[in-house]
Amino acid sequence: MSNDFPMFALSEEHRAVREAVRDLCEAKVAPYAAEVDEDGRYPEEAEKALRQADFHAPHVPEEYGGAGADALATVLVIEEVARVCAASSLIPAVNKLGSLPLMIAGSEELKKHYLTKLAAGDGGFSYCLSEPDAGSDAAAMKARAVRDGDDWVLNGVKRWITNAGVSEYYTVMVVTDPDPSSGGRSRGISAFVVEKSDEGVTFGAKEKKLGIKGSPTREVYLDNVRLPAMRMIGAEGTGFETAMKTLDHTRITIAAQAVGIAQGALDFALGYARERQQFGRPISDFQGLQFLLADMGMKIEAARQLTYAAAGRSERGDADLTFFGAAAKCFASDVAMEVTTNAVQVLGGYGYTRDYPVERMMRDAKITQIYEGTNQIQRIVMARQLLAGVQSQL
């Protein structure tokens with residue numbers, strides 16, 4: 001066999017990113033993770049530390065003052081933060097989700113104005129797609145924008161908005177043409193940048209959630225919010241297309257979050273298994289437990305490799321990105337749920353208490369199977385890609 005076969009490995013630069021983020025998180029994020037969850041408060045310490053290290057929105061290009069991280073480096077940042085605190089990992093993840101529509105379709109004026117502010121840490125970016133009656137069927141949204149001279153006036157409600165009330169900026173999808181002549185419902189949807197300070201923007205109460213309690217989830221209310229036309233992202237009627245293109249890329253960040261949560265749970269379970277004594281021996285000596293740990297490690301590694309492969313496709317814009325984004329998100333989140341549940345099992349009764357972090361990780365893992373498209377939706381996406389013949393061969 002030839003020795004020229006390329007090996008799958010992180011570059012030296014990517015390994016350096018991972019090490020830097022891990023060191024930062026161990027020192028300045030992990031110590032507050034339990035408190036953030038217990039009190040349901042925003043992880044201010046994590047945000048400050050990430051912002052100071054330029055990890056709060058690493059994806060922003062250098063031309064706008066950002067770190068210019070590629071898709072894989074951004075994945076590494078999110079994975080490492082999620083390993084110690086899932087709620088904190090939503091800072092870089094949601095900043096990418098909220099601002100990527102500008103990078104995909106925004107005018108240079110919009111990009112220069114808002115991406116520069118995001119890179120400088122002047123405010124986070126959230127993403128407003130879902131509504132009370134439009135979740136998986138996002139095109140069923142009812143929020144409206146009506147043209148009034150040189151402005152647009154927005155009205156409606158957006159639900160399940162991550163970091164709402166904390167973020168300064170919001171990418172909002174609304175209906176601008178309720179009866180498009182062709183192309184179906186989605187052709188009547190447009191995207192806008194809305195600012196927290198815009199008159200008529202208010203927020204609902206924080207949702208009482210199972211996990212990621214440190215990241216606020218609220219409704220966003222738009223009551224006659226008047227925006228200049230330059231705040232539209234891309235051309236009128238292209239908002240839904242931009243939203244779906246965004247999710248192709250950002251589902252990979254949720255996969256990274258899931259991998260990080262799972263790795264954090266396995267790390268803790270391994271340490272516990274080595275130290276916990278039963279029947280006069282460490283429980284790590286027992287084959288039944290070894291099989292459980294082996295499966296956890298194997299599935300995490302499979303999820304990680306799929307996520308990194310998807311990140312490569314995101315960076316290149318490959319034709320099979322839609323399949324890989326959905327596959328990575330679906331597989332990694334299912335793995336995270338399984339691994340965290342098994343980590344609780346490794347700890348037994350202790351794992352069921354808040355004295356140990358694995359029950360928090362199990363609660364946090366669940367949302368990765370739901371947001372940015374449920375895993376049932378991901379399977380529909382993958383099947384459509386397969387049936388259309390869009391799948392790569394390594």
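The first residue in the sequence is number 1, and the count goes up from there.
Environment of CZ in Arg281: crowded, with over 12 heavy atoms of neighbouring residues, nucleotides or ligands closer than 6.0 Å. Counted within 6.0 Å of CD on Gln277, heavy atoms from surrounding residues, nucleotides or ligands total more than 12; the atom is thus considered enclosed. Counting heavy atoms of neighbouring residues, nucleotides and ligands inside a 6.0 Å radius, atom CD of Glu19 does not exceed 12 of them. Residue-environment remark: CD (Gln290) exceeds the threshold of 12 foreign heavy atoms within 6.0 Å. Around the CD atom of Glu44, the shell of radius 6.0 Å holds no more than 12 heavy atoms that belong to other residues, nucleotides or ligands. The neighbour count for Phe286 CZ, taken as heavy atoms of other residues, nucleotides or ligands under 6.0 Å away, is above 12.
Rounding to the nearest 0.5 Å gives a distance of 10.5 Å between CD of Glu275 and CD1 of Ile283. Separation of atoms CG (Asp198) and CG (Leu222) is listed at 9.5 Å; rounding is to 0.5 Å. A distance of 12.5 Å separates CG of Asp150 from CE of Met230, quoted to the nearest 0.5 Å. Rounding to the nearest 0.5 angstrom, the gap separating the CD atom in Glu372 from the NZ atom in Lys329 is 8.0 Å. For the atom pair SG of Cys330 and CD1 of Ile254, the computed distance is 13.5 Å after rounding to the nearest 0.5 Å. We find the CD-CG distance between Glu359 and Leu347 to be 11.0 Å, quoted to the nearest 0.5 Å.
Smallest separation of non-hydrogen atoms from Thr368 and Tyr371: CA-CE1, 3.9 Å. The two residues Arg144 and Pro178 have their closest heavy-atom pair at NH2-CD, 3.7 Å. In terms of heavy-atom proximity, Asn155 sits nearest to Asn224 at OD1-N, 2.7 Å. Taking every heavy atom of both residues into account, Ala262 and Ile300 meet most closely at O-CD1, 3.5 Å. Nearest heavy atoms, Ser88 versus Ala46: OG-CB, 3.3 Å. For Ala53 against Leu24, the heavy-atom pair with the smallest separation is CB-CD2, 4.0 Å.
Ring planes of Tyr114 and Phe125: perpendicular class, angle over 60° (limits at 30 and 60°). Using cut-offs of 30° and 60° for the angle between ring planes, the Tyr272 and Tyr356 rings count as perpendicular.
Using a 4.5 Å heavy-atom threshold, the side chains of Thr322 and Val390 count as separate. At least one side-chain heavy atom of Pro216 sits under 4.5 Å from a side-chain heavy atom of Tyr42. Two residues are said to be in side-chain contact when any heavy atoms from C-beta on lie closer than 4.5 Å; Phe324 and Leu306 meet this criterion. Inter-residue side-chain proximity for Gln263 and Leu266 is flagged as met; some heavy-atom pair is nearer than 4.5 Å. Contact annotation: the side chain of Glu45 never approaches that of Lys28 to less than 4.5 Å [non-hydrogen atoms, C-beta and beyond]. Between Val201 and Lys196 the shortest side-chain heavy-atom distance does not fall below 4.5 Å. Residues Phe192 and Ile233 fail the side-chain proximity criterion, which asks for heavy atoms closer than 4.5 Å. You'll find the side chain of Arg41 reaches within 4.5 Å of the side chain of Val36, heavy atoms only.
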Please evaluate residues His56 and Glu47 with respect to the criterion side chain to side chain contact (heavy atoms under 4.5 Å, CB included), reporting the C-alpha separation (whole Å), side-chain torsions for both, the decisive distance (0.1 Å), and the verdict.
CA-CA 7 Å; His56 66 293; Glu47 181 183 54; 5.8 Å; no
Could you go through Arg159 and Glu131, starting from their C-alpha distance and side-chain angles, then the distance that decides it, and tell me whether this counts as salt bridge (Lys or Arg N to Asp or Glu O under 4.0 Å)?
CA-CA 5 Å; Arg159 177 169 283 180; Glu131 296 185 4; over 6 Å; no
Checking Asp334 against Arg379 for the salt bridge (Lys or Arg N to Asp or Glu O under 4.0 Å) test, could you report, in this order, the C-alpha distance in whole Å, the side-chain angles of both residues, the deciding distance, and whether it holds?
CA-CA 12 Å; Asp334 284 349; Arg379 288 175 168 88; 2.9 Å; yes
So Asp37 and Arg363, side chain to side chain contact (heavy atoms under 4.5 Å, CB included) or not? Walk me through it.
CA-CA 10 Å; Asp37 176 73; Arg363 289 186 286 105; 2.8 Å; yes
Should Arg147 and Glu236 be marked as a salt bridge (Lys or Arg N to Asp or Glu O under 4.0 Å) after you check the CA-CA gap, both sets of side-chain angles, and the distance that decides it?
CA-CA 11 Å; Arg147 190 74 185 244; Glu236 182 179 348; 5.3 Å; no
Walk me through it: do Thr116 and Val60 pass the test side chain to side chain contact (heavy atoms under 4.5 Å, CB included)?
CA-CA 8 Å; Thr116 301; Val60 177; over 6 Å; no
Take Glu108 and Lys112 through the test salt bridge (Lys or Arg N to Asp or Glu O under 4.0 Å) and record every step on the way to the result.
CA-CA 6 Å; Glu108 185 57 34; Lys112 185 174 182 180; over 6 Å; no
May I have the step-by-step check of side chain to side chain contact (heavy atoms under 4.5 Å, CB included) for Leu76 and Tyr308, ending in yes or no?
CA-CA 9 Å; Leu76 293 171; Tyr308 291 3; 3.3 Å; yes
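No donor-acceptor pair under 3.5 Å is formed between the side chain of Tyr350 and the backbone N or O of Asp355. Thr238 places no side-chain N or O within 3.5 Å of a backbone atom of Glu241 that could act as its donor or acceptor partner. Checked by atom type and distance alone, the side chain of Glu315 pairs as donor or acceptor with a backbone atom of Ala71 at under 3.5 Å. In this structure a side-chain-to-backbone donor-acceptor pair under 3.5 Å is present from Ser107 to Leu110. Remark: the backbone N or O of Trp160 is not paired with any side-chain donor or acceptor of Glu207 at under 3.5 angstrom. Listed for the Asp318 side chain is no donor-acceptor partner under 3.5 Å among the backbone atoms of Asp320. With hydrogens and angles disregarded, a donor-acceptor distance shorter than 3.5 Å links the side chain of Arg313 to the backbone of Ala309. Side-chain N or O atoms of Thr176 include one that pairs as donor or acceptor with a backbone N or O of Gly188 at under 3.5 Å.
No chain of hydrophobic side-chain contacts below 4.5 Å, direct or via other Ile, Leu, Val, Met, Phe, Trp or Tyr residues, connects Met361 to Val84. Clustering ILVMFWY residues whenever any of their side-chain heavy atoms sit less than 4.5 angstrom apart, transitively, puts Met232 in the very cluster that holds Val225. The cluster map of Ile, Leu, Val, Met, Phe, Trp and Tyr, joined by side-chain heavy atoms under 4.5 Å apart, puts Val29 and Leu90 in different clusters. By the rule that hydrophobic residues join a cluster once side-chain heavy atoms approach within less than 4.5 Å of another member, Leu247 and Ile380 end up as members of separate clusters. Tracing side-chain contacts under 4.5 Å through hydrophobic residues (I, L, V, M, F, W, Y), one never reaches Leu97 starting from Ile252; they form parts of separate clusters.
Ion pair Glu63/Lys111 not flagged as a salt bridge, since none of the NZ, NE, NH1 or NH2 atoms sits closer than 4.0 Å to an Asp/Glu carboxylate oxygen. With salt bridges taken as basic N to acidic carboxylate O contacts below 4.0 Å, none links Arg22 and Glu26.
Here the options are Arg226, Arg231, Lys117, the test is salt bridge (Lys or Arg N to Asp or Glu O under 4.0 Å), and the partner is Glu195; only Arg231 passes.
Side chains of Thr74 and Lys96: a donor-acceptor N/O pair is absent below 3.5 angstrom, by distance only.
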